[in-house]
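Scroll down for the structure; my scribbles are underneath it.
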Number of protein chains: 2
Amino acid sequence: MAKRVTINDVAQAAGVSRQTVTRAINDMGEISEQTKQRVLEACQRLGYRPSRFARNLVVRKKTRAMGYLVASFRNPYFTEIAGDLLSTAAERGWHVVMASTETEDEASALDMLSGQVDLFIGHFGQDDGDLVKAGRGLPLVMLERTGCLPGMHSVEVDMREGVREAIEALRGAGARRIGMIDSAYSLRNSPTYVPSPRCGYFAEFAGPESAKRIAFDEESMAGGGQAFAELVRAHPDMDAVLVFNDLMAIGAVQASHALGIDVPGQVRICGIDGLTLGEAVHPTLTTVSIDRHALVTNALDIADALAAADFAELPPMRRTVRPRMLWRESA
Amino acid sequence: MAKRVTINDVAQAAGVSRQTVTRAINDMGEISEQTKQRVLEACQRLGYRPSRFARNLVVRKKTRAMGYLVASFRNPYFTEIAGDLLSTAAERGWHVVMASTETEDEASALDMLSGQVDLFIGHFGQDDGDLVKAGRGLPLVMLERTGCLPGMHSVEVDMREGVREAIEALRGAGARRIGMIDSAYSLRNSPTYVPSPRCGYFAEFAGPESAKRIAFDEESMAGGGQAFAELVRAHPDMDAVLVFNDLMAIGAVQASHALGIDVPGQVRICGIDGLTLGEAVHPTLTTVSIDRHALVTNALDIADALAAADFAELPPMRRTVRPRMLWRESA
DNA sequence: CTGTTAGCGCTTTCAT
DNA sequence: ATGAAAGCGCTAACAG
């Protein structure tokens with residue numbers, strides 16, 4: 001590996017001092033146009049690139065950076081959050097370094113980014129201990145989950161309340177035999193299916209006999225369609241279904257056409273998330289809407305608080321966002 | 001602004017030297033468990049966070065970072081590219097700092113990131129000059145566009161060929177009076193609508209009389225639906241329409257239901273992009289598909305080449321990706 | 001207008 | 001097992 005071209009090399013080549021080189025490349029004035037050109041020409045010739053680390057080290061202006069772990073780029077729920085986070089973070093003077101945990105595991109993503117950022121934000125799935133270790137002890141702002149270790153902060157979504165409201169609303173609309181389509185996400189970490197928290201709340205509020213009407217599949221439109229077909233076949237009398245997320249719910253709505261099932265006449269479908277995309281299907285998707293903007297804003301408030309304390313370990317901060325029913329056509 | 005807590009402060013507080021602190025916080029061994037604990041406790045107490053800049057400055061391992069400007073998080077085309085870029089970049093040892101240019105303009109995004117990254121990648125819209133200036137002369141890898149200034153590299157998509165093929169295919173399927181739905185994006189920078197390049201190719205291949213059958217609207221499903229309605233009203237005899245992108249095309253397909261127009265029987269609809277989402281509508285969307293993965297891979301090849309040259313100014317590199325028809329049901 | 005001096009905060013030798 | 005010295009590459013503050 002050839003030695004790096006530094007400001008000294010350029011200074012020497014141009015026959016000036018380092019300081020003059022600095023003045024030229026940052027056009028700071030106090031330099032004659034002639035020498036400036038000579039210096040810039042030397043930079044060009046030597047292929048000089050200033051070290052961003054050296055510069056940031058010496059410049060007082062503190063640049064704050066957060067690492068954001070994106071769970072999936074295939075689910076608009078996460079990309080909408082990413083977009084919101086990016087623009088809001090920029091407004092508040094944050095840089096956002098992103099990593100995808102779709103292919104890579106969370107720990108290695110944290111590990112990779114730990115030298116580049118001041119804190120992490122994301123929807124985390126791994127164990128608390130692994131996370132702080134991989135993150136080199138940097139603060140973590142956890143979305144839709146609570147952590148128990150020091151340095152872990154969180155923005156929760158009160159999904160228990162959301163599910164309760166949805167079940168109640170479906171009942172109010174006349175539904176009697178409600179089913180649920182759950183995510184098979186747990187299969188990624190465990191050999192056997194474990195109901196998601198959302199599914200747990202469903203069981204809690206929909207009553208014990210409804211626990212039979214549960215199907216699970218991968219978190220995609222196709223998965224949702226699949227599970228819906230399965231559920232309808234096994235329980236022809238089912239008159240409503242709560243779906244783990246909108247992506248799967250949209251798949252269920254699509255599948256209903258192929259299966260010749262009238263929605264909401266025969267079966268009511270209710271998703272969770274509140275995606276805009278839910279308006280693109282027929283019938284449009286009724287859903288438990290999560291306020292993504294509030295989620296992001298709360299997370300950034302925590303980030304700002306941490307920054308104000310120079311990222312020292314602070315007592316855990318917790319915020320909660322309350323979802324609300326978004327009544328459209330499918331239920 | 002309180003002075004930053006440095007390694008020296010910790011060393012002093014723990015009654016050891018800086019090096020010992022380094023050993024403790026990076027668990028490097030050659031240190032007694034006892035002093036290590038004492039040092040870590042002091043770190044905790046003082047709220048010490050190592051400076052990532054100082055560390056990166058002195059560590060030999062070079063970390064490479066790219067700035068990626070995302071045009072929109074509301075169009076899956078861009079988020080799919082983002083996801084692909086993120087995972088591929090991680091594999092190749094790159095960090096990706098992202099900024100959204102949906103709310104912020106490109107120049108200020110570049111300016112903001114210029115101190116944090118080694119090069120930029122993105123779908124750029126602004127003038128070459130503004131871009132290099134805002135990017136502080138860092139190399140730019142432009143997606144679906146060519147730049148003329150030194151330091152600008154690009155991965156083009158041969159959309160002229162793509163549109164030619166689409167028009168030909170529509171003609172081959174029997175279409176005679178083809179229209180186009182264009183993006184109104186130009187209105188963002190100019191006071192009056194300017195046809196996009198895609199629309200230019202359309203005019204070139206669809207013949208002069210088709211130039212009357214052009215409508216434009218914002219790049220969204222709603223915009224596509226709007227434009228489709230407008231076009232159908234003005235030209236009831238139109239038998240096919242090429243749409244600027246899949247998002248708008250999906251909107252057009254949705255609108256066709258409301259308008260009672262049979263697709264493809266009455267009007268054939270062909271999008272551009274090749275989104276997976278095109279399979280979620282009925283009828284599924286025929287489209288000119290762009291290989292996003294190839295786009296990203298080519299961009300990263302260029303990035304790697306630049307990194308290999310320590311980001312010195314290299315002669316412009318250009319790659320081209322060829323789109324291909326993806327024949328589904330809507331045309 | 002240009003050069004000199006003095007660090008930024010950390011890790012790497014190399015002693016001890 | 002610990003400490004001292006020597007920078008990493010750059011810019012701020014002052015001289016001249």
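So that the names make sense, note that chain A is the first sequence line, chain B the second, and so on, each numbered from 1.
For B/Arg55 and C/dG9, the CZ to C1' distance is 10 Å, given to the nearest whole Å. Rounded to whole Å, the distance from CG on A/Asn26 to P on C/dT2 is 16 Å. Residue B/Phe53 contributes atom CZ, which lies 14 Å from atom P of D/dT11 at whole-angstrom precision. In this structure, the CZ atom of A/Arg4 is 19 Å from the P atom of D/dG7, given to the nearest Å. Atom CD of A/Glu30 and atom P of D/dC14 are 13 Å apart (whole Å). One can place CZ of A/Arg49 at 12 Å from P of D/dC10, the figure rounded to the nearest angstrom. Counting to the nearest Å, the P atom of C/dG9 and the CD atom of B/Gln12 are 14 Å from each other. For the pair B/Ile7 CD1 and C/dT12 P, the interatomic distance rounds to 11 Å; values are reported in whole Å.
In this structure, the separation between CG on B/Leu143 and CZ on B/Phe124 is 8.5 Å, given to the nearest 0.5 Å.
In the set D/dT11, C/dG3, D/dC10, the nucleotide with an atom closest to the side chain of A/Pro50 is D/dC10. Of the candidates C/dG3, D/dC8, D/dT11, the closest approach to any side-chain atom of B/Val58 belongs to D/dC8. Side chain of B/Arg18, nearest nucleotide from D/dA5, D/dT11, C/dT12: D/dA5. Comparing C/dC10, C/dT11, C/dT2 against the side chain of B/Ser51 picks out C/dC10 as the nearest. Which of C/dG7, C/dG3, C/dC10 sits closest to the side chain of B/Tyr48 comes down to C/dC10.
Within the nucleic acid shown, A/Thr20 comes within 4.0 Å of sugar-phosphate atoms alone, with no base atom in reach, counting heavy atoms only. The residue A/Leu57 sits close to a base: some heavy atom pair falls under 4.0 Å. Using a 4.0 Å heavy-atom cutoff across all strands shown, B/Asn56 reaches no nucleic acid atom at all.
Counting atom types as modelled, B/Arg23 pairs a side-chain N or O with a base atom of D/dG3 as donor and acceptor under 3.5 Å.
B/Thr146 and B/Glu156 share a donor-acceptor pair across their side chains, judged by distance under 3.5 Å alone.
Taking side-chain N and O atoms only, B/Thr35 has no distance below 4.0 Å to OP1 or OP2 of D/dA1. OP1 or OP2 of D/dC8 has not a single side-chain nitrogen or oxygen of A/Thr6 nearer than 4.0 Å.
Taking the side chain as every heavy atom from C-beta outward, B/Leu113 and B/Met98 never approach each other to under 4.5 Å. For the pair B/Asn56/A/Arg52, no side-chain contact is recorded, criterion being any heavy-atom separation below 4.5 Å from C-beta on.
Heavy atoms only, all atoms of each residue included: A/Arg23 and A/Glu30 are closest at CD-O, 3.6 Å.
Residue B/Gln19 is the one, among B/Ala54 and B/Gln19, whose nearest nucleotide of DNA chain D lies closer to the 5' end (criterion: closest heavy atom). Comparing A/Ser32 and B/Ile25 against DNA chain C, the residue whose closest nucleotide sits nearer the 5' end is A/Ser32.
In this pair, A/Phe53 and B/Phe53 present their aromatic rings tilted. The plane angle is within the 30 to 60° band.
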